[in-house]
*Asks:* 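Just passing along the structure, written as C-alpha cells.
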Amino acid sequence: MPEKVHTYFGDSYNESSNQAVKAVKAVPELTVVEDEGRKKRRNKKRKRDEATEEAQAQRDNVLVEKPVKAPSSAPEKVVTVPVGNKEPKHEPSTDQTSAPKPKPKSFADTKTNFTSLREKANALYELRKKLPIFGHADEIRQRLRDRDVMLLVGETGSGKSTQIPQFLVNEFWCRPTPAKVLQEDGSEKSITVGGCIAITQPRRVAAISLARRVAEEMGTPLGSSSPASKVGYSVRFDTSTSPSTRVKFLTEGMLLQEMLHDPWLTKYSAVVVDEVHERGINVDLVAGFLRNLVSGKREGRGGVPLKVVVMSATADMESLMGFFQEGFQEQEQEQQQGQKQLSNGTENGENGENSEQNSMAISACHIKGRQFPVKTIYSPEPVHDFVDAALKIIFQIHYKEPMPGDILVFLTGQETVENLENLVNEYAIGMDPSLPKILVLPLFAALPQAAQQRVFAPAPPRTRKVILATNIAETSVTVSGVRYVVDCGKAKVKQFRTRLGLDSLLVKPISKSAAIQRKGRAGREAPGQCFRLYTEKDYLALDETNTPEILRCDLTQALLNMKARGVDDIVRFPFLTRPPREALEKALLQLLNIDALQDDGSISDVGLHLAKLPLSPTLGRVLLAASENGYDCLLDVIDIISCLSVENIFLNTTSEEKKEAAETARRDLYRREGDHLTMLSTVRAYAGENVDRKVWAERHLVSHRAMQSVMDVRKQLRSQCRSAKMLPREETTGHYPDPSPDLILQSFLSGFATNTARLVPDGSYRTIVGNQTVAIHPSSVLFGKKVEAILYNEFVFTNRSYARGVSAVQMDWVGEALAGR
DNA sequence: GAGCACTGC
C-alpha cells in the first residue's frame with residue numbers, strides 16, 4: 001500500500017478561527033423604509049438613461065485621466081484587468097519594501113539587455129524571499145525527488161503559482177532525458193523526454209501575467225521575444241515560447257489540446273495544475289489523463305517519470321489524495337498479478353526506503369497564505385431582500401467606519417447590481433454633506449470594457465468607492481483598496497439539464513469555499529470586515545465546495561476529447577467526480593448522432609477532426625457539413641460560427657429610445673431569415689469596414705470587443721480549414737458572392753437537427769424532439785414572428801424556456817436532417 | 001421582453 005504522508009507547514013487553515021461577530025446593529029441615523037413610490041420605481045423596469053458603450057466610454061475618459069498609482073509588481077498572481085498591459089497589483093508584502101525599483105518596462109525595450117534583466121531579478125529576489133512558501137523550497141524539492149505526485153494547498157498570497165516552477169526547474173529530473181520508445185510497427189525510436197515544466201491556469205490573463213512575472217524574477221526575456229527566453233506562455237490566439245522555454249504557463253484547454261497531439265506529454269518533466277479548487281471541467285479531464293499517465297507504465301515516455309503537482313487554494317485535498325492513490329493501487333494490483341509477487345512485500349513504513357514504493361506515494365503540503373485578518377459579521381436573522389439589506393449595510397459601514405476603505409458588494413446579476421446602484425445613489429443625495437462622498441461603481445461581465453476599468457482607478461479624495469459586482473470579482477478581477485465585503489450569499493449558476501437538453505440559469509446559494517473566497521477580498525491590503533447577508537446557521541448549511549462543472553454541463557465535448565485520446569471505455573475513466581450515467585449516455589448518443597463515433601463507440605475520422613477544432617462538437621459538425629457545400633458556403637458558415645462561439649455581438653438596449661436607435665442603426669444588418677444570416681451580414685459589414693471599425697461598431701450598437709473576438713476566431717478557423725484542405729491555400733480576399741441562405745441553414749441543420757421547433761396552431765413553438773414549449777428569445781430578430789419551423793443555437797431556461805440564436809427553416813429540411821442520421 | 005463566470009493547435 002502506498003503510504004500517505006501528510007505534512008503541514010505553518011498553521012493549519014481554519015475558517016472559524018476568525019472571530020464571528022454576530023448582530024448587525026442598526027444605524028440610528030439611517031432608516032431604510034421603502035415608500036410606495038420607490039417600490040413602484042423598483043418594480044418597474046428601470047427607466048434610467050441607459051449608458052451605451054459610447055456614453056460610458058466618454059465618462060471613462062474623464063475618469064481615466066486621473067493619475068493611477070504606479071503599479072509595482074506582485075509575488076502571487078493576478079490582476080486580471082481584462083484589457084491592457086497593467087502590471088500585477090500590490091500585494092501586502094510589496095508595501096514594506098522601500099527599495100526603489102525601476103518602473104516595469106516592456107520587454108521589447110530590454111530584450112537584448114540581459115544585465116538589466118539580471119539586476120531586476122536580483123531586486124525581486126528580496127521580495128521572493130519574504131513569501132510564505134519560500135522557506136519550504138528545499139522540502140518541496142526533496143518531496144518531489146522521492147515521489148512523483150505532490151498535492152499542495154497554498155492559500156492566497158502564499159506565492160505558489162510563481163515560486164513552485166522556479167523551485168523545480170533546475171532539479172536533476174527536470175533535464176531533457178534521452179529515451180527509447182516502442183513504435184507501432186515494433187521498432188524502437190530514440191526521443192528526448194522532458195526538460196520543461198507546464199503550469200496550467202483556468203484563465204488566459206492569469207497565464208500571461210504569471211509568465212511575465214516569473215520571467216522577471218528569473219531574469220530572462222519573456223516568450224518569443226528572444227531565443228534565450230526560458231519562460232513562455234500559451235493561450236488561445238497567443239502563444240509565446242522560445243526554443244529554450246523551460247517554464248510554460250498555459251490554459252487548461254491548451255494543455256488538453258497539446259495532449260491530443262502528444263498524449264505522453266513528452267516535452268514535459270512536470271505538470272503543475274493550479275487552481276484546482278475552481279473545478280472547471282478541463283481540470284477534471286487533465287487530472288484523469290495525468291493519473292493514467294503517472295500510474296501507468298510510462299511506455300510512451302521511455303519510462304521517464306512525469307512529476308505532477310496539484311495545487312489548490314482550499315484545504316479539500318482528501319478526495320484528490322484518494323484519487324491518485326487509487327491509480328497507484330490499481331497499478332500495483334496489476335503488477336502483482338503480472339509478476340507473481342516479487343518480494344514478500346515488506347510493508348513500507350512512513351520513511352520506507354524502497355524507492356519504487358516511494359515514487360508511488362503522494363506527498364501533501366499546506367502553506368499558510370498571507371492575508372490580513374477579516375472579521376465576519378453575520379446577519380442575526382434570515383434576509384428576504386438582499387438588495388435592501390445590502391443598502392443598509394453599505395451606509396452603516398460608510399457612517400461608522402474610517403476612511404480609507406472601499407466596499408465590495410457581491411450580488412447575483414446585472415439586474416440586482418443596477419437596482420442597488422440606483423438605491424445607493426438616491427440615498428447618497430440626502431447624506432450629511434460633512435461625510436465623505438460615495439462613488440458607486442457597477443461591475444459585471446457585460447459591462448463595456450472602459451466602464452469596467454473605472455473600478456480600478458483610485459477613489460477621488462474624500463470619496464469611498466462602493467463596487468457592486470457579480471461573481472466576476474470572486475476570481476477574475478482583483479480590486480485594490482477594498483476593506484469591506486458585503487456578501488449576499490448567492491450567485492447565478494448555469495446548470496445543464498440532461499433530460500431536457502437545456503441550460504438553466506438559476507440563483508443558488510454559494511458554497512462555503514466561495515464565501516471564504518469572497519471574504520478574502522477584504523483582507524488583501526489591510527485588516528477587513530465581511531458582512532454576510534445570511535445567518536451563521538445558513539453559512540454552516542452551505543455546501544463545502546462549488547459543484548464541479550462536470551456535473552453541471554453538457555458532456556459532449558469532454559467525451560469527444562476522451563475518445564480522441566483513446567479512452568474507449570468511458571465508464572472506466574478515472575473521473576475526479578463521476579457524472580451521472582444518464583449524462584454520459586446522452587453525450588455519447590449526441591456524438592453518435594453527428595457521426596463523431598462509429599457504431600461500436602470508437603472514434604470516427606469525423607470525430608478526430610472535430611476534437612481538434614476549437615468549437616463545440618455540434619458547431620464543428622456544421623463546419624464540416626458546410627465544407628461539402630462549397631467554399632463560399634463554408635466561408636459564410638465560418639463567419640456565423642465565429643459569432644456563435646463568442647459573447648453576444650449586439651449590445652443590450654434597455655431603454656425604449658436606445659432600442660429604437662438600435663433598430664434604425666441595425667436595419668441594414670437585419671435579415672428576415674433570422675439571427676444566423678443577420679450575424680453573417682454583420683461580420684461582412686464589419687470586416688469590410690476599412691476606415692474605423694470601432695466607430696462602425698459604436699454606430700451600429702455592436703460590441704466592438706465581441707467583434708474583435710469574432711475576427712480572432714474567424715482567422716483561426718479559416719487557417720485550420722486551409723490546413724485541412726477544406727479551403728484553398730491562399731486567403732481569399734475582396735468580393736464575396738451573395739450568400740445562399742438555404743445552403744447555410746441546411747448546413748446548420750446537420751449539427752442542430754434536434755435543436756428545432758415547429759409552430760403549433762395556438763401560435764407557440766414546440767420542440768420537434770420532446771414536444772416542449774419554447775419561446776423565441778427577445779434578443780432575436782425573429783422575436784414575435786411566426787414561421788413554419790425554427791432552428792436554434794441554444795435552449796435556455798431563465799424565467800421561462802427560450803430559444804436563442806434563431807432562424808426560420810422549412811419542415812422538410814428538418815425531416816431530411818433527422819432522417820439522415 | 002431579457003443578459004453568472006470562465007475557456008479551446
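Lettering of chains follows the sequences in order, A, B, ..., and the numbering in each one begins at 1.
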*Asks:* Would you mind reading off the distance between Asn546(A) atom CG and dC4(B) atom P, rounded to a whole angstrom?
*Replies:*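 Answer to the nearest Å: 18 Å.
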
*Asks:* For the atom pair CZ (Arg552(A)) and CD1 (Ile281(A)), what is the distance rounded to the nearest 0.5 Å?
*Replies:*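 Rounded to the nearest 0.5 Å, the CZ-CD1 separation comes to 10.0 Å.
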
*Asks:* Counting heavy atoms from C-beta on, name the nucleotide in dC4(B), dT7(B), dA5(B) closest to the side chain of Phe444(A).
*Replies:*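 Among the listed nucleotides, the one closest to the side chain of Phe444(A) is dA5(B).
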
*Asks:* Which part of the nucleic acid, if any, lies within reach of Ile281(A) when heavy atoms closer than 4.0 Å are counted: base, sugar-phosphate only, or nothing?
*Replies:*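 No contact at all - Ile281(A) keeps every heavy atom at 4.0 Å or more from the nucleic acid.
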
*Asks:* Identify which nucleotide among dT7(B), dG1(B), dC4(B) has an atom closest to any side-chain atom of Leu505(A), counting heavy atoms from C-beta outward.
*Replies:*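 Taking heavy atoms from C-beta onward, the closest nucleotide is dC4(B).
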
*Asks:* Please report the distance, rounded to the nearest Å, between CG in Leu250(A) and P in dC9(B).
*Replies:*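 Result: 11 Å.
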
*Asks:* For the pair made of NZ in Lys492(A) and P in dA5(B), what is the distance, rounded to whole Å?
*Replies:*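 Computing the Lys492(A):NZ to dA5(B):P distance gives 9 Å.
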
*Asks:* Starting at atom CG of Asn648(A), determine the distance to atom P of dG3(B), rounded to an integer number of angstrom.
*Replies:*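 Rounding to the nearest Å, CG of Asn648(A) and P of dG3(B) are 11 Å apart.
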
*Asks:* So, applying side chain to side chain contact (heavy atoms under 4.5 Å, CB included) with Met726(A), which one of Leu634(A), Leu717(A), Ile638(A) is it?
*Replies:*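 The residue from Leu634(A), Leu717(A), Ile638(A) that satisfies side chain to side chain contact (heavy atoms under 4.5 Å, CB included) with Met726(A) turns out to be Leu634(A).
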
*Asks:* Do Leu255(A) and Phe289(A) have side-chain heavy atoms sitting under 4.5 Å apart?
*Replies:*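 Leu255(A) vs Phe289(A): side chains apart.
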
*Asks:* Mind checking if His777(A) touches a base, just sugar-phosphate, or nothing, with heavy atoms under 4.0 Å?
*Replies:*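 Answer is sugar-phosphate: His777(A) comes under 4.0 Å of backbone atoms only.
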
*Asks:* Would you classify Leu260(A) as touching base, sugar-phosphate or nothing, given that sugar-phosphate means primed atoms plus P, OP1 and OP2, and contacts are heavy atoms under 4.0 Å?
*Replies:*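 The residue Leu260(A) makes no contact with any strand.
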
*Asks:* Should Arg203(A) and Glu278(A) count as an ion pair when the cut-off is N to O under 4.0 Å?
*Replies:*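 Salt bridge present between Arg203(A) and Glu278(A).
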
*Asks:* Rounded to whole Å, please give me the gap between CG in Asn561(A) and C1' in dT7(B).
*Replies:*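 These atoms are roughly 13 Å apart.
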
*Asks:* State which of dC9(B), dT7(B), dG1(B) makes the closest approach to the side chain of Tyr802(A).
*Replies:*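 Selected nucleotide: dG1(B).
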
*Asks:* Asn471(A) side chain: which of dA5(B), dG1(B), dA2(B) is closest?
*Replies:*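 Selected nucleotide: dA5(B).
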
*Asks:* Can you check whether Thr798(A) has a side-chain N or O nearer than 4.0 Å to OP1 or OP2 of dG3(B)?
*Replies:*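 Thr798(A) to dG3(B) OP1/OP2: side-chain N or O found under 4.0 Å.
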
*Asks:* Starting from the 5' end of DNA chain B, give me the residue, Ala445(A) or Ser616(A), whose nearest nucleotide shows up first.
*Replies:*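 Residue closer to the 5' terminus by nearest nucleotide: Ala445(A).
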
*Asks:* It should be established whether Ser779(A) places a side-chain nitrogen or oxygen under 4.0 Å from OP1 or OP2 of nucleotide dA2(B).
*Replies:*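 Result: no.
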
*Asks:* Side chain of Ile472(A) only, please: which of dA2(B), dC9(B), dA5(B) is the nearest?
*Replies:*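 Among dA2(B), dC9(B), dA5(B), the one nearest the side chain of Ile472(A) is dA5(B).
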
*Asks:* Identify whether any heavy atom of Val235(A) sits under 4.0 Å from a base atom; if not, whether one sits that close to sugar-phosphate; answer base, sugar-phosphate or nothing.
*Replies:*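 Sugar-phosphate only.
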
*Asks:* Do we see a donor-acceptor contact under 3.5 Å between the side chains of Thr478(A) and Arg521(A)?
*Replies:*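 Yes, because at least one side-chain N or O of Thr478(A) sits under 3.5 Å from a partner of the opposite role on Arg521(A).
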
*Asks:* Expressed in angstrom and rounded to an integer, what is the separation of Glu258(A) atom CD from dC9(B) atom P?
*Replies:*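 Going from CD in Glu258(A) over to P in dC9(B) covers 10 Å.
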
*Asks:* Atom CZ of Arg552(A) and atom C1' of dC6(B): how far apart are they, to the nearest Å?
*Replies:*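 Rounded to the whole Å, the gap is 10 Å.
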
*Asks:* What verdict does the side-chain hydrogen bond (donor to acceptor under 3.5 Å, both in side chains) test give for Ser511(A) and Asp543(A), after you've listed the backbone C-alpha separation in whole Å, the side-chain angles of each residue and the deciding distance to 0.1 Å?
*Replies:* CA-CA 5 Å; Ser511(A) 68; Asp543(A) 290 343; over 6 Å; no

*Asks:* Of Gln720(A) and Glu549(A), whose nearest nucleotide on DNA chain B comes first from the 5' end?
*Replies:*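 Whichever sits nearer the 5' end wins; that is Glu549(A).
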
*Asks:* Ignoring backbone atoms, establish whether Gln716(A) has a side-chain N or O less than 4.0 Å from OP1 or OP2 of dC9(B).
*Replies:*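 Yes, such a contact exists.
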
*Asks:* Write down the distance between CD (Gln452(A)) and C1' (dG3(B)), rounded to a whole number of angstrom.
*Replies:*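 One finds 14 Å between C1' of dG3(B) and CD of Gln452(A), rounded.
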
*Asks:* Ignoring the backbone of Lys494(A), work out which of dC6(B), dC4(B), dC9(B) is nearest its side chain.
*Replies:*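 Looking only at side-chain atoms, Lys494(A) lies closest to dC4(B).
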
